[in-house]
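To find a chain, count down the sequence lines: A is the first, B the second, and so on, and within it residues start at 1.
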Amino acid sequence: MGADHGPAKGLTRWIFTTNHKDIGTLYLWFSFAMFLVGGAFAMVIRAELFQPGLQMVSPAFFNQMTTLHGLVMVFGAIMPSFVGLANWLIPMMIGAPDMALPRMNNLSFWLLPFAFAVLLSSLFMEGGAPNFGWTFYAPLSTTYAPPSVTFFIFGVHVMGASSIMGSINIIATVVNMRAPGMTYMKMPLFVWTWLITAFLLVAVMPVLAGAVTMMLMDIHFGTSFFNAAGGGDPVLFQHVFWFFGHPEVYIIILPAFGVVSQIIPAFSRKPLFGYDSMVYATASIAFLSFIVWAHHMYTVGMPIAGELFFMYATMLIAVPTGVKVFNWITTMFKGSITFETPMLFCIAFVFLFTLGGFSGLMLSIAPADMQYHDSYFVVAHFHYVMVAGAVFSMSAAVYYWLPKWTGRMYNETFGKLHFWIAFISFNVTFFPQHFVGLAGMPRRIPDYALQFADFNMISSIGAFTYGAAQLLFLYNVIWTLVKGRKVSDPKVWDGAEGLEWTLPTPAPYHTFSTPPLVK
Amino acid sequence: MSDKAISRTVAKLLVVVVAMFAFVFVVMVPLYNVLCDALGINGKTGGRYEAERVEVDTTRTVKVQFVARNNEAMSWGFKPSVKVIRVHPGELEKTVFLASNPEQVDMVAQAIPSIVPARAAAYFNKTECFCFNRQPLKAGEAAELPLQFIVDQALPKDIHTITLSYTLFDVTDSVAVMN
């Protein structure tokens with residue numbers, strides 16, 4: 001075995017690999033597969049909602065679809081995709097030869113396919129898959145749950161363990177393995193946002209594990225955490241869940257902030273404006289995420305003081321987020337911008353994420369939220385931040401770093417086509433949902449009143465188009481791997497900055513075996 | 001980037017993970033219950049109250065309404081003997097609820113109280129309540145379930161009506177599980 005031996009041959013390479021690039025690739029492909037699965041569930045939902053009345057599926061199956069769509073997208077698609085990016089990029093960005101704990105890295109990936117096999121197998125069980133929404137409120141998920149809820153709990157435990165291992169690995173890498181001279185305040189922003197995200201994960205994934213453990217005990221061992229008859233309280237579940245759930249949404253979006261903060265400077269050919277303030281804003285958002293959870297439950301009957309506290313604390317988050325948006329726009333200001341596909345996705349991200357932020361501000365106002373609560377307005381809001389936020393930035397990241405990973409250039413025409421179809425169809429899908437939501441259409445219901453019919457049909461057409469655009473994305477990635485124009489310049493993009501662009505293209509199997517010196 | 005430094009980081013993080021898991025059970029759950037009790041939110045009433053000798057405030061009259069309902073498929077007969085009592089704050093009042101088990105099997109029930117307005121919960125003191133214990137009734141049996149309470153003199157002046165609602169849960173199965 002030489003010092004720089006290549007990858008093993010065949011299938012065992014992927015099963016036993018401890019190489020951060022291999023594991024990153026596994027994470028990315030797995031998350032894309034889950035993205036298509038979760039997307040297929042969304043297509044079922046939109047097909048049912050194409051017209052009022054019940055035509056495609058039974059209400060019981062519709063509930064399973066909304067539940068699994070949420071769970072698969074959050075835990076199977078978005079989170080693992082960013083862990084994949086972290087695996088590929090963090091060692092290359094900080095000048096480390098690999099992740100700190102390569103064997104645990106292998107384990108944390110290979111837990112995921114099993115966790116999701118368990119979760120998805122519940123579709124074929126008697127009583128059907130979990131049907132209580134991705135937020136699995138008790139007692140719907142305890143007293144009234146289908147028998148498959150136990151498999152759901154097991155699946156959540158396993159994917160939680162995977163996330164915790166992944167984040168411990170990332171923190172251990174960033175804290176201990178930075179190249180000489182790479183001080184914290186010189187780290188690329190993607191590394192910073194992931195470091196903070198990893199701390200959030202370590203803090204709140206155990207809380208999620210606690211919540212599902214309490215459910216398990218209520219269901220099988222006669223405890224009454226959430227059961228009123230035994231002195232428990234269903235509202236307790238909502239507090240515990242959202243104490244995890246709110247940091248969770250920042251876990252999803254912070255790495256996206258990091259990606260955008262890498263790509264916008266590259267195509268604006270200017271350094272990122274306000275690097276320090278970006279770091280502090282990220283840390284502030286992470287801190288605030290722990291004290292705003294009850295804004296998801298304004299309608300449970302909290303005392304007025306509680307409503308006001310959570311309302312003001314939530315509004316406060318707009319300040320560091322505003323700092324970030326300001327910095328991205330100022331980075332572009334007077335830059336020599338070119339509009340390659342990654343940049344298009346990033347500009348759309350800034351625009352649409354800000355829109356999602358504004359509807360979030362509307363929802364943060366407790367008295368107004370009494371009206372918006374559990375309506376399609378909420379669905380529109382979180383898809384603006386989850387899809388146009390996390391998924392758009394993920395698309396940008398793949399186009400931006402794919403040439404570095406593979407040594408081949410993606411097809412720019414297909415890329416731009418993917419972008420424009422995605423951008424337009426995304427808005428066609430979700431913008432009308434603001435209107436039906438404000439007009440009173442509730443979420444998670446397979447039927448609706450006649451006056452919502454037109455907007456829902458528009459929404460469904462947009463969703464089918466958005467789904468098809470992802471197949472174009474897949475085609476473009478495969479086209480790149482097979483037929484893409486070969487590139488060998490270390491700096492694939494002329495404005496790109498950072499250690500990963502000093503490495504040869506495509507990135508060799510082993511990089512930075514001797515750490516670079518960062519000035 | 002020594003292995004030792006990495007191990008130290010991992011050890012610290014593992015402590016955080018275990019601590020956060022424990023935090024849910026030893027902090028969040030008890031803290032939630034303590035806060036609900038202390039602030040009287042959620043309309044939960046407290047446990048047994050030790051009566052003190054106090055002046056009865058005859059200048060005020062508060063209407064106390066009783067509501068009884070069954071949870072889900074609970075089949076018992078369950079109702080208050082009187083629907084409304086007018087009380088002076090500080091006065092000890094007694095009433096009974098009537099329960100009957102129409103089934104052919106022995107059953108166990110648990111009544112869960114709730115008060116509206118929730119603000120009044122902290123001022124509604126029970127010296128005796130059937131809700132403190134589970135209520136077993138044999139097949140076909142009926143019983144009078146006692147309730148004694150004092151409305152506190154410190155009850156905010158703007159509250160003139162208090163509604164006390166009991167929901168009766170069938171806990172026969174979970175009692176069997178625990179035994």
Side-chain angles (χ1 to χ4, degrees), chain A residues 96-97 99-101 104 143-144 160-161 164-165 167-180 198-199 201-211 213-214 217-218 220-225 227-233 235-237 239-240 243-244 300-303 305-306 515, chain B residues 1-33 35-36 39-44 47 71-72 74 108-114 116 118-119 131 134 167-179:
Chain A
M99 298 296 280
L101 305 149
M104 191 169 82
T143 315
Y144 305 101
I164 289 171
M165 284 193 259
S167 46
I168 286 179
N169 206 350
I170 286 167
I171 297 173
T173 308
V174 175
V175 170
N176 297 303
M177 297 177 66
R178 281 168 290 121
F199 274 109
L201 277 164
V202 166
V204 301
M205 288 315 277
V207 175
L208 175 68
T213 305
M214 285 192 271
M217 290 164 76
D218 270 14
H220 294 295
F221 305 119
T223 59
S224 295
F225 286 106
N227 180 7
D233 192 336
V235 176
L236 170 67
F237 177 86
H239 282 288
V240 177
F243 188 82
F244 147 79
V300 294
M302 264 188 291
Chain B
M1 51 159 168
S2 71
D3 287 350
K4 241 187 198 152
I6 291 172
S7 306
R8 257 201 307 275
T9 311
V10 173
K12 281 182 207 157
L13 292 170
L14 284 175
V15 170
V16 175
V17 169
V18 173
M20 286 307 291
F21 187 74
F23 174 79
V24 177
F25 292 90
V26 299
V27 179
M28 286 178 94
V29 177
L31 188 67
Y32 177 81
N33 292 328
L35 282 177
C36 283
L39 303 173
I41 48 182
N42 266 6
K44 276 191 173 178
N71 185 55
E72 291 189 300
M74 181 62 168
V108 187
Q110 171 73 55
I112 301 293
S114 174
V116 175
R119 256 178 337 126
C131 61
R134 294 196 196 91
T167 306
L168 201 66
F169 288 80
D170 177 5
V171 293
T172 314
D173 291 343
S174 54
V175 170
V177 167
M178 281 189 223
N179 296 340

Which atoms of Leu13(B) come close to chain A, meaning under 4.5 Å heavy atom to heavy atom: side chain ones, backbone ones, both, or neither?
both

State the CD1-CD1 distance between Ile6(B) and Ile171(A), to the nearest 0.5 angstrom.
13.0 Å

For the atom pair CZ (Arg8(B)) and CG (Asn176(A)), what is the distance rounded to the nearest 0.5 Å?
8.5 Å

For Met28(B) and Val240(A), the nearest pair of non-hydrogen atoms, with its separation, is CE-CA, 3.9 Å

Test log, rule side chain to side chain contact (heavy atoms under 4.5 Å, CB included), inputs Val235(A) and Tyr32(B):
CA-CA 10 Å; Val235(A) 176; Tyr32(B) 177 81; 3.3 Å; yes

Go through the steps to decide whether Val10(B) and Met104(A) satisfy the test side chain to side chain contact (heavy atoms under 4.5 Å, CB included), and finish with yes or no.
CA-CA 11 Å; Val10(B) 173; Met104(A) 191 169 82; 5.8 Å; no

How long is the straight-line distance from CZ of Phe243(A) back to CE of Met20(B), given to the nearest 0.5 Å?
5.0 Å

With a 4.5 angstrom heavy-atom cut-off, which part of Ile164(A) approaches chain B: side chain, backbone, both or neither?
side chain

Output for pair (Ser7(B) OG, Leu101(A) CG), nearest 0.5 Å, gives 8.0 Å

Note: Ala172(A) and Thr9(B) closest approach over all heavy atoms is CA-CG2, 4.0 Å

Value rounded to 0.5 Å, distance of NZ in Lys12(B) from CD1 in Ile168(A)
13.0 Å

Against chain B, label Tyr144(A) side chain, backbone, both or neither, depending on which of its atoms sit under 4.5 Å from a heavy atom there.
side chain

What orientation do Phe225(A) and Phe25(B) show, parallel under 30°, tilted 30 to 60°, or perpendicular over 60°?
perpendicular

What part of Val17(B) gets within 4.5 angstrom of chain A, counting heavy atoms only: side chain, backbone, both, or neither?
both

For Pro206(A) against Val24(B), the heavy-atom pair lying closest together
O-CG2, 4.4 Å

Determine the minimum heavy-atom distance between Val171(B) and Ala229(A), stating which atoms define it.
CG1-CB, 3.8 Å

Let's go through Met205(A) and Phe21(B) carefully: what are the C-alpha distance in whole Å and the side-chain angles of both, what is the deciding distance for side chain to side chain contact (heavy atoms under 4.5 Å, CB included) to 0.1 Å, and is it a yes or a no?
CA-CA 8 Å; Met205(A) 288 315 277; Phe21(B) 187 74; over 6 Å; no

